[in-house]
Amino acid sequence: MTHWSSGQDTTLSRWNQGFESPMGHHWILQTISETNWRSSFFSQRHAFGSLPETKERPAKRVSNDDKEINMDYNKLANLLFPDITKSVADYEEHYPKRKLPPEAKVTRLGPSPTGFIHLGNLYGAFADERLAHQSGGVFILRIEDTDQKRKVEGSEEVVIKALDYFGIHFDEGATLDGEKGEYGPYYQSNRVAIYQTVAKHLVEIGCAYPSFATAEELDEIRQKQEVQKLVPGYYGEWALDRNLNYEDIETKIKAGEPWVLRLLSTGDPSETMQVEDAIRKSVQVHPNNMDAVLLKTNGVPTYHFAHVVDDHFMRITHVVRGEEWLSTLPIHLELFEILGWDHPVYCHTAHLMKMDGDTKRKLSKRKDPEMSLSYYAEVGHFPAAVREYIITLANSNYEEWHQANPEQPLEEFQFSLEHMSTSGALFDMNKLNDVAKDVLLKTSEEDIADFLINWATRYKEEAAPIFNRDRDKLIKILAIGRDEKKPRKDLEYCQQIFEFISYFFDEWFTIVDELPENVNAQAARAILTDYLATYDQNDDNGNWFNKIRDITEKLGYAVKMKDYKKHPEDYNGHVGDVSTVVRLAVTGRRNSPDIWTIQQILGEKSVLSRLQTYMGSLS
RNA sequence: GACCCAUUGGUCAAGUGGUCAAGACACCACCCUCUCACGGUGGAAUCAGGGGUUCGAGUCCCCUAUGGGUCACCA
C-alpha cells in the first residue's frame, strides 16, 4: 500500500500532483519527465519473488535512434483518457485491505463465460475453495468476460450451477441473484473504469503508450523476426510506436485511428530470476520485455492487465491457475512492480491430462466434451464422489488420511499446496468409479434415491415418473446387500445405477443374457417347472435355498461346487447353473444380487409371471 | 524454433543421500461363494538414458532423450 516514498532528488516544483492518502501517508504522484523515479519504484522487494535490479527508465523518452521525444505524459494521459477523473488512490481507498486474520487466504475463480467448464477447472477451483475456507478466508467468483467474441449468453448461470453442483460455493462475487460483496463489480466488463484509471496512471508515469500498429504491420514484424531467428513480438526496437511523439499521437487519434495501450517494458530477458511458487517452490523465468497489450482497441483489458488490477483491488492473496500462465508470469510481475503493488502468492497447478491415442495432452474443451462438468451431471456422478476423487488427485496424502479417519468429512482434511503435483496427472475414470462405490456406501439409500429421482427428472424423463411412483421400492432396491459385514459396492453413478436396477421395473425388464453353457432349453424348462411347483413367496432365504438344492440334486446337478470341479463328468452341471436359470427368468440376466431378496422386492405376482413368461419362451 | 515446466509400475503416487523402493486403482491367479459384487491371499509390474559428486544416489550436479505448455487486441 505504501509505495511511493519521496525520491531523494526532489524539489517541490518537480511534483505535479500530491495526495493525502486515507492512511495519512503523504502520497505523491510524479511525472516521469523530470525525475529519477526509478529508485523509489523499483527498490521495493516482495515477500514472494523478487525482480533483479531493473534497468533505469530513461528520465526522458528516447527514440531508438537516441533522439529525445517531445512528450508531456499528463497531456497524453488526458488525450487518451479524457473521461477518467478518478485516481488510483481513489480506488485504493474504495477497496481497502480486508480485515482478516493474517493466515486467512483470499482466492478467486475467474471463469470466462463460455458456458464450458471441465474437470481441470474443477481441480483448480477445489484448491481455491479449500485454501480460502479452511483458513477462514474468502472465496470469490469473478466473471472474466473481457472477450465479447467468446461470450455465450447465460453461461454464467451454467458455470455457477455446475460449480455449485460439485460443492464449490463462493462467499463473494457473481451469484444467481446478482452480485455480493464490497469489492465489486465482479464482472470484468463492468470494471472498465477501474482498468482505465490504472492505465491512465501508467501513461502518466511513462510506463504505457498507445500503439496504432495494425494486424498487418504486426504480421510483417513477426515475419522479419522469424527470418532473423529472433523472438517474435512487439518489444524493444521493434516497438516502433514507442517513438511516436505527442503530435503524432494526437493527429492519429483525432483521425479516429484505433489504438491499443501497450506496456512500455524495460525488462532484460537475458537476466534470470527465481520466482516463488507455492506449488513448485521456485520457478526460473526471465524478465519480460514484451510491450504487452494492456487495453484492447475497445478499451477493455487483456487478461494480463485485468489480473493485476483485479487481484490487487480485490485483495487476493493466492492466485491458483494453470501452468499455462507460467510463461506470461513475467508480464504480470513487471506490472505489479511498476505499480508498486505486492503480487499475490502464485500457485501454478499442473494440467489434468487425457490420453489421446498414445500420448497425453492437456484437457481441451473442444476435444473432450466428456470432460465437461455438464457431462458429469448428465450421467449423474455424485458430487461427493467427484470431490473425493479430485482431492485424491490434488493431495495424494488424502487417501491415507481418509483410511485413518474414515468417518471424517473431507473438510477436516488439511489441504495443502505443497502436496499438489507439479506434473500433469491423467484423469482415471476407474479410480473415480472406485471412489464412488465407497462414497455411495456411506450415503443413505434415501439420499441416493432422491438424487436419482432428481437426476432422472432432468436427464432421464421416462424414468422420473416411475421412480417417483415406486420410491419405496427404489429405496429397497438400493439397500440390497448394504447391511452385511461385507457390504456390496455396486453403485457408481446414476446412469450406471439405472442400468443396474432397471430389471426391477416391468417397463424396462427384458431378457438380455443367454442360458449358461451347461443348460439347454429343455433342461431349463425342467428346472423352472420344479421351481414353480415348490415356489413359496413366504419362504425365508434359507428355505428358499434349500429348495434350490433339492432341485439341483434331483435333476443331476452338483450341489457342491467342489464336487463338480473334481468330477464334472458326473454331473449335468452345478448349483450355480440351476440358480442362474432362475436368475435369468427373474432378472433377465446371469448376474445379479441375491435372487431371494430380489423376489421379495418384486412380489409374488411379478415373480410368477416372469417365471412363466420365460418358460414359455423356451422351446 | 525459442523459452518454461515436468519425467518412480498400465494409472495416481509415497520417497527429500543409508533396511529387500510404501500404498491405492486397474490387471492376473487362487480362496470365499447360488451368479455378480464385496472381502481375503498371492502375483506380475516402476526410479527415462548417460556421465559425474559421495563410502553410499530415485534423492545433489551436468548432458541427452521424451512428454507437456506458451509464444494473440483468448482467457
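Bear in mind the structure is a predicted one, so any value in this text is a computation, not a measurement.
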Query raised in the report: Quick one: on RNA chain B, does A:Gln403 or A:Ala213 contact a more 5' nucleotide (nearest heavy atom)?
Result: A:Gln403
Report task. Report the distance from atom CE of A:Met290 to atom P of B:A72, rounded to the nearest whole Å. Result -> 8 Å
Query raised in the report: What is the pairing partner of B:C71, taking Watson-Crick or G-U wobble pairs with both distances under 3.5 Å in any strand?
Result: B:G1
Requested in this report: Nearest whole angstrom, please: distance from the P of B:C5 to the CD of A:Glu323.
Outcome: 10 Å
Query raised in the report: So, do A:Leu602 and A:Phe504 sit near enough that their side-chain heavy atoms are less than 4.5 Å apart?
Result: yes
Query raised in the report: Can a cation-pi geometry be assigned to A:Lys200 and A:Phe81, taking NZ or CZ under 6.0 Å from the six-membered ring centre and within 45° of the ring axis?
Result: no
Query raised in the report: Are OP1 or OP2 of B:A6 and a side-chain N or O of A:Ser421 less than 4.0 angstrom apart?
Result: no
Report task. Using the six-membered ring of A:Phe509, assess whether NZ or CZ of A:Arg610 lies under 6.0 Å from its centre and within 45 degrees of the ring axis. Result -> yes
Query raised in the report: In whole angstroms, how far is the C1' atom of B:C71 from the OH atom of A:Tyr234?
Result: 18 Å
Query raised in the report: What class does the angle between the rings of A:Tyr398 and A:Trp401 fall in, given that below 30° is parallel, 30 to 60° is tilted and above 60° is perpendicular?
Result: tilted
Query raised in the report: For A:His351, which contact category applies under a 4.0 Å heavy-atom criterion: base, sugar-phosphate, or nothing?
Result: sugar-phosphate
Query raised in the report: Whole Å only: how far is the CD atom of A:Glu499 from the P atom of B:A37?
Result: 17 Å
**Report entry** Distance between P atoms of B:A37 and B:C28 (Å, rounded)
**Finding:** 11 Å
Query - Per A:Arg222 side chain, nearest of listed nucleotides B:C74, B:A72, B:U35 - result: B:A72
